[in-house]
Amino acid sequence: MDWLETLVVVVHVVIAVALVGLVLIQQGKGADAGAAFGGGASQTVFGSQGSGSFLTRMTTFMAVIFFVTSFSLAIFAKQRAEVAGEAGIPVVQESSQAGAQAEQAPSAEEPAVNSESEGGDALPELE
């Protein structure tokens, strides 16, 4: 199972880089106006219609693969979290005693300042 997750991560990264490259080499919608003034559309590699439909289809195909690998990685992460929970790793739980200690008023000898290092999130009360 570990090799499958590694394979999905590698495919995910390669598809992400390829998707960025495909998006960057596509022409914008405003580029067609420049082609009307001597763009030489009949001399393109992808035919007289240009590379629009080919690149659009490839981008769509790469995006679908990217979403499938993203979903697969999310499933792998969920399974790994469940295994970690079943392995006896302690889970942090807030006890009611900690909340009761935080609500107690400070004594006259102690200053009424709560610091984050002491675990208090409450602001001191104004007089």
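Note that the coordinates shown come from a computational prediction; the quantities given were computed from them, not determined experimentally.
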* Asked: Can you tell if the side chain of Phe76 reaches within under 4.5 Å of the side chain of Val9, non-hydrogen atoms only?
  -> no
* To do: Taking the side chain as every heavy atom from C-beta outward, state whether Thr69 and Ile15 have any pair of such atoms under 4.5 Å apart.
  => no
To the closest 0.5 Å, what do you measure between [atom1] ([X]) and [atom2] ([Y])?
X     : Y     : atom1 : atom2 : answer
Phe54 : Leu22 : CZ    : CG    : 8.0 Å
Arg57 : Met62 : CZ    : CE    : 15.0 Å
Gln26 : Thr56 : CD    : OG1   : 5.0 Å

Do the side chains of [X] and [Y] join up, straight or via other hydrophobic residues, at under 4.5 Å, putting them in one cluster?
X     : Y     : answer
Leu24 : Leu55 : no
Leu7  : Val14 : no
Val20 : Val10 : no
Val17 : Val11 : no
Val8  : Ile75 : no

